[in-house]
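Remarks on the structure that follows.
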Amino acid sequence: MSAADNLLASRSREPARHSMTTRVVIYGLLVFFAFVYLIPMVVMVMTSLKPLDEVTGGNMFALPQHLTFQPWIQAWGEARIGISDTTGIYGYFLNSIKMVVPAVLISSVLGALNGYVLTKWRFPGDKLVFGMMLFACFIPFQSVIIPMAVILGMLGHFGNQLHDLTGFSFGLGNSTVNLVIVHVVYGLGFTTLFFRNYYEAFPTELVKAAMMDGASFFQIFRRVLLPNSTPIIIVTVIYQFTNIWNDFLFGSTFAAGDASPMTVALNNLVNTSTGIVEYNVNMAAAIIAAGPTLFVYIVGGRYFVRGLMAGAVKG
Amino acid sequence: MATLEIKALRKRFGPVEILKGIDISLDKGGFLVLVGPSGCGKSTLLNTIAGLESITSGEIRIGGRVVNDLHPSKRDIAMVFQSYALYPNMSVGENIAFGMEMRGVPKPARDKAVATVARTLQIEHLLDRRPGQLSGGQRQRVAMGRALVRQPSVFLFDEPLSNLDAKLRVDMRIEIKRLHQTTGTTIVYVTHDQIEAMTLATKIAVLKDGEVQQVGTPSEIYNTPNNLFVADFMGSPAMNLLEGKVARIDGAIAIVIERKDHPSIVAPAPVSADPNQIKEGAKVIFGIRPEAINDLQSIDRNARSVVQFDAPVEIVEPAGADTFVVTRAAGKEMTARMRADADVKVGQNYTFAFNLDKAVLFDPATTRRI
């Protein structure tokens, strides 16, 4: 065997060995990080299934000796939230749902419409309008609280006047409605960005073809663009849902007492300064609070990455 | 009355004038091909006819009606796009029926129209499929079906074959021609491919920099191009353009093409040239198509005027049906299209002949044909 053959043979063996070590390292790291991320979750679940004496007296990592669902039942319907009655987080969970669903739907639809207009019905200054809308993504939440409070106050006042005139306030002044308005306004920058980038790569010829077929502005939007927007719709919904559901600042500022969303209620439950701290109940409540976003991710996660890429490549 | 009439059409994007006064008319049943290099404004012109672009000034009439400010869907036109633009979320049948659905045609009537068109285009078996499941040629048919079903007075095609591979392109070209012949529709067709233009058109408009260079039948455009641009653009291989001089030899006007190492080629003035415009001593450009250069045996026997000369053979390109022979005259390459079995060898001095019936003269200063 010549030297050249030897060289070739060793070369051809090398990639296999190389890829083996690489694999071990990659999988090792992945397993390690998965472990790091999963440990708190495991502790939470286990703690929430233990009676209180087992939590306070035992090891955090020990499996439950007496499995109980009492903390979950308590968290859901009986726990004391802040200084109010022993209502559990059930009512606040519903508050959050009532806020999140309309806020996500409205901001996504408006974002899609904005993206459609900014890419397919261009007008002089469209870039400037888009640039200004992008500012919504960069403004810190804290800085808009006071102006927002003023505007919501004015809306509430207007709602009262409407109520006096028509006997119906159209929800203006209601805490949940206020939160929906705040989240729609704040989310619009993001949803517009998502849809604009997606529609930028959407073939304009399709819109032209639909125009020639006699479809109107909204018909083109509903029949041609929306049915082909599934990935970006899912991205937007997940993003908005997570953000709005997890929001604490707006929730604690613009809603009070029984109207508070889930996050605020969870804080009031956990940060209580009276009595003993019921860690198992707190853990159960925290898992319930995280449930909906987890659910959305598991259902739509596959599309999430794909949609983010679709929007990211061209734009 | 013409089905499509375009008068003094101008289109301006900011300071840039894309279309600089276009005048074209097309009779019912005609096939107008807009051809030109990229950026010449042919697609913009089509889009203004379609109503997808507004016009700056001028007039567009379709079926006698001014459509300048009409919405695309109200202009009685249908368009086939370069990318086909089929709605990916709808089946083939729904794609074809979409326009009728938008106009509120009831479902039974829609289904009937779709079935008729599908039969014409032989896509009946595809009606339930999605565009994503179709091949390029099938998508092309569906796109034509969507246009056909509207029975418009003018069809617009925007480079419809440019996304297909070479063989399919030839098939679809024939398909479009057959469609035109059987249905007698009026078509405006944009392409940058001059073979498509020649084979399909009843009328060709050659555009350059937003101006019409020449409008005419394919044979007019090919045989008597108005100017050097049209002569050079249409035809493949391109027309040979040789520099020459007008001289009086033995009392008759002749074109002299000087060569360095060989005797000059002296040809009588081509019959296509206007004798009043040929000035003695003037420089001219002598244009001759490759197929009008051949050897003595194969030159057209009916040619009224032939001139022969010797030239060195530089390159021989057998193309199957023909052999292209590249030689040199007046410092420029000159291509002759000869029969496949022509006995031509590289390096040899070969006797060629010009068929002067097919030759044209241009004024180098104005680039116009004499």
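Here is how names work: the chains are called A, B, and so on, in the same order as the sequence lines, proteins then strands, and each is numbered from 1.
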Considering all heavy atoms, the nearest Asn89(B)-Asn228(A) contact: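 Of all heavy-atom pairs spanning Asn89(B) and Asn228(A), the closest is OD1-ND2, 3.1 Å.
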Please find the pair of heavy atoms, one from Glu205(A) and one from Ala85(B), that lie closest to each other, and give the distance.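 Closest heavy-atom pair between Glu205(A) and Ala85(B): O-CB, 3.6 Å.
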Filtered by a 4.5 Å non-hydrogen cutoff, the part of residues 116-131 of chain B contacting chain A is none
Sorted by number, residues from residues 145-153 of chain B in contact with chain A (heavy atoms, under 4.5 Å): Arg146(B), Arg150(B)
So for Met100(B), is it side chain, backbone, both, or neither that comes closer than 4.5 Å to the heavy atoms of chain A?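 No part of Met100(B) comes within 4.5 Å of chain A.
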Side chain, backbone, both or neither of Ala143(B) within contact of chain A (heavy atoms, under 4.5 Å):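 Neither the backbone nor the side chain of Ala143(B) comes within 4.5 Å of chain A.
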If you count the non-hydrogen atoms of other residues, nucleotides and ligands that lie under 6.0 Å from [atom1] in [X], is the total more than 12?
X	atom1	result
Phe33(A)	CZ	no
Phe217(A)	CZ	yes
Arg122(A)	CZ	yes
Phe248(A)	CZ	yes
Phe218(A)	CZ	no

Check whether any side-chain heavy atom of His71(B) sits under 4.5 Å from a side-chain heavy atom of Met211(A), and report yes or no. yes
One option among Ala50(B), Gly51(B), Ser73(B) has the most heavy-atom pairs under 4.5 Å with chain A, and it is Ser73(B)
Looking at Arg75(B), Gln82(B), Lys74(B), which one has more heavy-atom pairs under 4.5 Å with chain A than the rest? Gln82(B)
Please round to the nearest 0.5 Å and tell me the distance separating atom NZ of Lys208(A) and atom CG of Asn47(B). 4.5 Å
To the nearest 0.5 Å, how far apart are CD in Glu101(B) and CD in Gln219(A)?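 Answer for the CD-CD pair, Glu101(B) versus Gln219(A), is 8.5 Å.
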Just by distance, do the side chain of Tyr87(B) and the backbone of Arg223(A) share a donor-acceptor pair under 3.5 Å?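 Flag not set: sc Tyr87(B) to bb Arg223(A) has no pair under 3.5 Å.
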